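Residue numbers start from 1 in every chain, and the chains themselves are labelled A, B, ... in the order their sequence lines are given, proteins ahead of strands. Values below: every heavy atom of this structure, side chains too, minus hydrogens, waters and symmetry copies. Computed from a predicted structure; not experimentally measured.
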Amino acid sequence: MRYWLMKSEPDVFSYDDLVAKGRAEWDGVRNHAAQLNMKAMALGDRAIFYHSNIGVECVGIMEIVRTAEQDSTDETGKWIAVEVAPVKKLANPVTLKAIKAEPALAAMEMLRQSRLSVSPVRDAEYTKILEMAGEKD
DNA sequence: GCCAACGTTGGC
DNA sequence: GCCAACGTTGGC
């Protein structure tokens, strides 16, 4: 299983919105690097839900429940999207500040390329973030 | 194909 | 609101 980090502005679509819907298409991604990452996702992969702009923190864990297909909001046919479902809300959100302060997370892609909305997360980084969030698994 | 101008993202 | 990073556009 691979791990990912996906960003959304919570005033547009928050983790609680995803919980309310049950599952959702992660659409509207219009960046090629982010698209490549979504195409590499497999069923059952886990993704950290990150709130950008407001909160600026990791708030929950999601599971990929449908692999890349045509983005239903795209009329050009060029862009794809996956579907996600909530797994759990983090006991304690992990802020960007905390991530930057943790040496074990210094190599994270989301820090290296701060504007990338969908980025890969290494196993050890995922484990560390869950630990910082007060989660056991 | 290069590069300047411009637009967008995202943190602060 | 500002600014850095970076993607896109368009002239040449």
Fill in: Rounded distance (Å) that lies between atom P of B:dT8 and atom CG of A:N53
14 Å
Worksheet item: Run the side-chain contact (heavy atoms from CB on, under 4.5 Å) check on A:L18 and A:S8 step by step: do they pass?
Response: CA-CA 11 Å; A:L18 177 61; A:S8 177; over 6 Å; no
Fill in: Short side-chain N/O contact from A:Y50 to OP1 or OP2 of B:dT9, under 4.0 Å
no
Discussion item. Measure NE2/A:H32 against C1'/C:dT9 and give the value in whole Å, please.
Written reply: 13 Å
Worksheet item: Rounding to a whole Å, what distance do you find between A:I54:CD1 and B:dG11:C1'?
Response: 13 Å
Worksheet item: If you look only at pairs with a residue in residues 57-68 of chain A, which of them pass as a salt bridge (Lys or Arg N to Asp or Glu O under 4.0 Å), with sequence neighbours excluded?
Response: A:E25-A:R66, A:R66-A:E69, A:R66-A:E83
Discussion item. From C-beta outward on A:K7, which listed nucleotide comes closest to its side chain: B:dG10, C:dG7, B:dC12?
Written reply: B:dG10
Fill in: A:Y3 side, atom OH; A:I61 side, atom CD1 - distance, nearest 0.5 Å
9.5 Å
Discussion item. I'd like to know if the side chain of A:Q35 reaches the main chain of A:W79, judged simply by a donor and an acceptor atom lying under 3.5 Å from each other, with no hydrogens or angles considered.
Written reply: no
Worksheet item: Whole Å only: how far is the CG atom of A:N31 from the C1' atom of B:dT9?
Response: 10 Å
Worksheet, complete the sentence: Output for pair (A:M1 CE, A:D123 CG), nearest 0.5 Å, gives 9.5 Å
Worksheet item: Is a donor on one side and an acceptor on the other found under 3.5 Å between the side chain of A:R122 and the backbone of A:A107?
Response: yes
Worksheet, complete the sentence: Rounded to whole Å, the CH2-C1' distance (A:W79 to C:dT8) equals 10 Å
Discussion item. Using a 3.5 Å distance criterion without hydrogens, assess whether the side chain of A:D27 forms a donor-acceptor pair with backbone atoms of A:D71.
Written reply: no
Response to the item:
From CG of A:L116 across to C1' of B:dG11 the rounded distance in Å is 16 Å
Discussion item. How many whole angstroms separate atom CD of A:E109 from atom P of C:dA5?
Written reply: 17 Å
Worksheet item: Is A:Q113 near enough to C:dG7 that one of its side-chain N or O atoms lies under 4.0 angstrom from OP1 or OP2?
Response: yes
Discussion item. What is the distance, to the nearest angstrom, from the CE atom on A:M110 to the P atom on B:dT9?
Written reply: 16 Å
Discussion item. Need the bend value for the helix from B:dG1-C:dC12 to B:dC12-C:dG1: angle between end axes, 5 pairs each end, nearest 10°.
Written reply: 10°
Discussion item. Categorize A:K97 for me: base, sugar-phosphate, or nothing, with a 4.0 angstrom heavy-atom threshold over every strand shown.
Written reply: nothing
Worksheet item: Which nucleotide, C:dT8, C:dA5, B:dG11, lies nearest any side-chain atom of A:R115?
Response: C:dA5
